Amino acid sequence: MILATQQNDPSFEDVWEELTWRGLVHVSTDQAALKELLAGEPITYYCGFDPTAPSLHLGNLVQLLTMRRLQLAGHRPLGLVGGSTGLIGDPRPTAERTLNTKETVAEWVGRLQEQVSRFLSREGENPVRLVNNLDWTAGLSAIDFLRDIGKYYRVGTMLKKDAVASRLNSDAGISYTEFSYQILQGFDYLELHRQYGCVLQTGGSDQWGNLTSGTDLIHRVEGRHVHAIGTPLITNSDGTKFGKSEGNAIWLDAEMCTPYRFYQFWLNTDDADVIARLKVFTFLSRAEIEELERLVEAEPFRRAAQRRLAVEVTTLVHGAEATDAVIAASEALFGKGDLGALDAATLRSALEELPNATVAAGTPVLDALLATGLVSSLGEGRRAIAQGGVTVDGVKVDGSAVIDGALPGGVTVLRRGKKTLAGVFIG
RNA sequence: GGCGAGUUACCCAAGCGGCCAAAGGGAUCUGACUGUAAAUCAGACUGCAUUGCAUUCGGGGGUUCGAAUCCCUCACUCGCCA
């Protein structure tokens, strides 16, 4: 099991130093107090994940790995999946969310709980405990909520939270529902503090307003100072959004984002970003990462850091077996050699890692492009061909080409652009 | 409750009766150059199709030979006043 192989880097004085070095602390409550707290006796901490999709994505992975690092340092994690907050919706800066049905949210809760539990150990002294905020909010009446919790919140403060303020300044406005979200999240922290003695919440820095909602509430109600850490939003150095590939989010679920695509995503990381990614997304030691940093500098064309990053993160999320398969497929398909020189079995399993389709022999390329999902319409396919961006078995083609399964094993490799591939089987 | 402003393609944003499938920017895709990188340059970017057709400019209805552009109505958003 991969969890057993993970460890924090002993060369750091304590876990706080390591988190800082990895660039995982963007904002936090009192730093000196936090450092001391984390270096001392085991504490209980939590991080929440709202079921807004059937799977977690790379942004959530940052949180999961941060939690894991704290667990490795001996602290006790609470993995919260927001069965109730997911029904309300955290205000995004741009627009109001569409509410999902209760059934959908409940199903997603189950899926996310399964994912969360994969990244945190259930063994030993400090196993992860999964909690669901629906457990303490479902039976709460609106009146009790307003009397017992609402009374502690000042609207002036709530309006100043970035998420709320930006929405009030936009054309989208904000519903009362989403406006209330910060109270619910604050209440979660209070509840976990009471039930489990939780004294630290981690989350993305975009959640800072919600994190402090909890620390403030606990201070007011219980008179205790508790903590919060906001991890930075991961951004690409070229200004584009991190964690997207062809406009789609990179999901942790293998059905929603294949291990092949996942691996390729990391392999294509910019030189300028790869070291920062290694720090955040892998358990490699400081010495190992510094060595890779030298290699990026000395021989960037080898992309040693990108390869290592891709292997590490893919193994973490999809396991060693799947990773071996996608590495083999990637080498077969992107290798310098002639595709026709590969043996049938290697080629076939490589194509199975790709988006693929089965078509009749003699099918025009255009239809095959559509069938494999390489393009989303015939017009787009024509355009791609006209731009010279389509190859069949590595040879540039025009619209008259057909699928013939000429490679060993009777298969065909279809490529759009430089690195978007699909497999075609004859059937 | 009253008054005013607004809703355009993935995002921002022009257009204000025909020349608008709709300017511009961003994102994205493709090509060249490369290292399955970045930057740069070039092209593409509603769908189907032989310079043609169909469907788009919040929803619905209307005026007109003709509407994203005018009118009515509904929904939503923002602002000011109560």
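Chain A is the first sequence line, chain B the second, and so forth, proteins listed ahead of strands; every chain is numbered from 1. All figures in this text were calculated on a predicted structure; none of them were measured in a lab.
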Proximal nucleotide (of B:U36, B:C45, B:C29) relative to the A:Arg416 side chain: B:C29

Students often get this wrong, so: under 4.0 angstrom with heavy atoms, is A:Leu333 touching a base, only sugar-phosphate, or nothing? nothing

Nearest-angstrom distance, C1' atom, B:C76 to B:U30: 39 Å

Closer than 4.0 Å, any side-chain N/O of A:Lys418 to the OP1 or OP2 of B:A32? no

Can you measure A:Leu292 atom CG to B:A37 atom P for me and round it to whole angstrom units? 19 Å

Within the 3.5 Å criterion, strictly below it, is a donor on A:Arg68 or A:Gln71 matched to an acceptor on the partner's side chain? yes

Take atom C1' in B:C48 and the same atom in B:A21, then report the distance between them in whole Å. 14 Å

Interatomic distance, A:Asp270 CG vs B:A37 P [rounded to whole Å]: 10 Å

Please check if any side-chain donor atom of A:Ser285 sits under 3.5 Å from a side-chain acceptor atom of A:Glu288, or the reverse. yes

Residues A:Ser400 and A:Asp398: side-chain donor-acceptor under 3.5 angstrom: yes

What is the distance, to the nearest angstrom, from the CG atom on A:Leu354 to the P atom on B:U36? 17 Å

Counting Watson-Crick and G-U wobble pairs only, both distances under 3.5 Å, name the nucleotide matched with B:U55, or none. none

Among B:C48, B:U36, B:C45, the one nearest any side-chain atom of A:Arg383 is B:C45

Pair A:Gln306, A:Asp271: side-chain N/O donor-acceptor within cut-off below 3.5 Å: yes

Which nucleotide in the set B:U36, B:A32, B:C45 lies at the smallest distance from any side-chain heavy atom of A:Lys419? B:U36

Classify the nucleic acid contact of A:Asp271 as base, sugar-phosphate or nothing, counting any heavy atom under 4.0 Å across all strands shown. base

In whole angstrom, give me the gap between the P atoms of B:U50 and B:A42. 32 Å

OP1 or OP2 of B:A49 versus the side-chain N and O atoms of A:Arg382: is any pair under 4.0 Å? yes

Do A:Gln185 and A:Thr85 pair up side chain to side chain, a donor and an acceptor below 3.5 Å, judged on atom types alone? no

Can you identify which nucleotide, out of B:U30, B:G31, B:A49, has its nearest atom closest to the A:Thr420 side chain? B:U30

Would you call the rings of A:His57 and A:Trp251 parallel, tilted or perpendicular, taking 30° and 60° as the class edges? perpendicular

Just how far is it from atom CD of A:Gln207 to atom OG1 of A:Thr212, taken to the nearest 0.5 Å? 10.5 Å

Say whether A:Ser213 and A:Tyr153, considering side chains only, have a donor N or O and an acceptor N or O under 3.5 Å apart. yes

According to a strict under-4.0 Å criterion, is A:Ser376 in side-chain N/O contact with OP1 or OP2 of B:G47? no

I'd like to know if the side chain of A:Glu353 pairs up with that of A:Thr258 as donor and acceptor (distance under 3.5 Å, no hydrogens or angles considered). no

Taking for each residue the nucleotide of RNA chain B with the nearest heavy atom, is it A:Phe301 or A:Gly388 whose nucleotide lies nearer the 5' end? A:Gly388

Any donor-acceptor pair under 3.5 Å between the side chain of A:Gln387 and the base of B:G31? no

From CG of A:Asp273 across to P of B:A38 the rounded distance in Å is 10 Å

How long is the line joining CZ of A:Arg277 and C1' of B:A37, in whole Å? 13 Å

Please list residues of residues 302-320 of chain A whose heavy atoms come under 4.0 Å from any atom in RNA chain B, ordered by number; otherwise none. A:Arg303, A:Gln306

Compare the minimum distances between each of B:A37, B:U36, B:A49 and the side chain of A:Gln264, then state the nucleotide with the smallest one. B:U36

Suppose we define a pair by two distances each less than 3.5 Å, Watson-Crick or G-U wobble; what does B:U50 pair with here? none

Going by purine N1 to pyrimidine N3 plus the second Watson-Crick contact, or the G-U wobble pair, all under 3.5 Å, which nucleotide sits opposite B:G35? none

Using the C1' atoms only, state how far B:C20 lies from B:A67, rounded to an integer number of Å. 11 Å

Tell me yes or no: between the side chains of A:Arg286 and A:Ser11, is some donor less than 3.5 Å from an acceptor? yes

Complement of B:C78, any strand, by Watson-Crick or G-U distances under 3.5 angstrom: B:G4

For B:C48, does OP1 or OP2 lie under 4.0 Å from any side-chain N or O of A:Ser377? yes

Could you give the distance separating B:U40 and B:U69 at their P atoms, to the nearest angstrom? 39 Å

Nucleotide opposite B:A27 in a Watson-Crick or G-U pair, distances under 3.5 Å: none

Roughly how far apart, to the nearest Å, are B:C78 and B:C45 at atom P? 37 Å

Judged by nearest nucleotide, the residue sitting upstream toward the 5' end of RNA chain B, A:Glu380 or A:Pro300, is A:Pro300

Nearest-Å distance once atom C1' is located in both B:U28 and B:C12: 15 Å

Taking the C1' atom in each of B:A54 and B:C10, what is the distance between them to the nearest angstrom? 23 Å

Between atom CG in A:Leu339 and atom C1' in B:U36, what is the gap in whole Å? 14 Å

Taking pairing as Watson-Crick or G-U wobble with both contacts under 3.5 Å, can you name the mate of B:C45, or confirm there isn't one? none

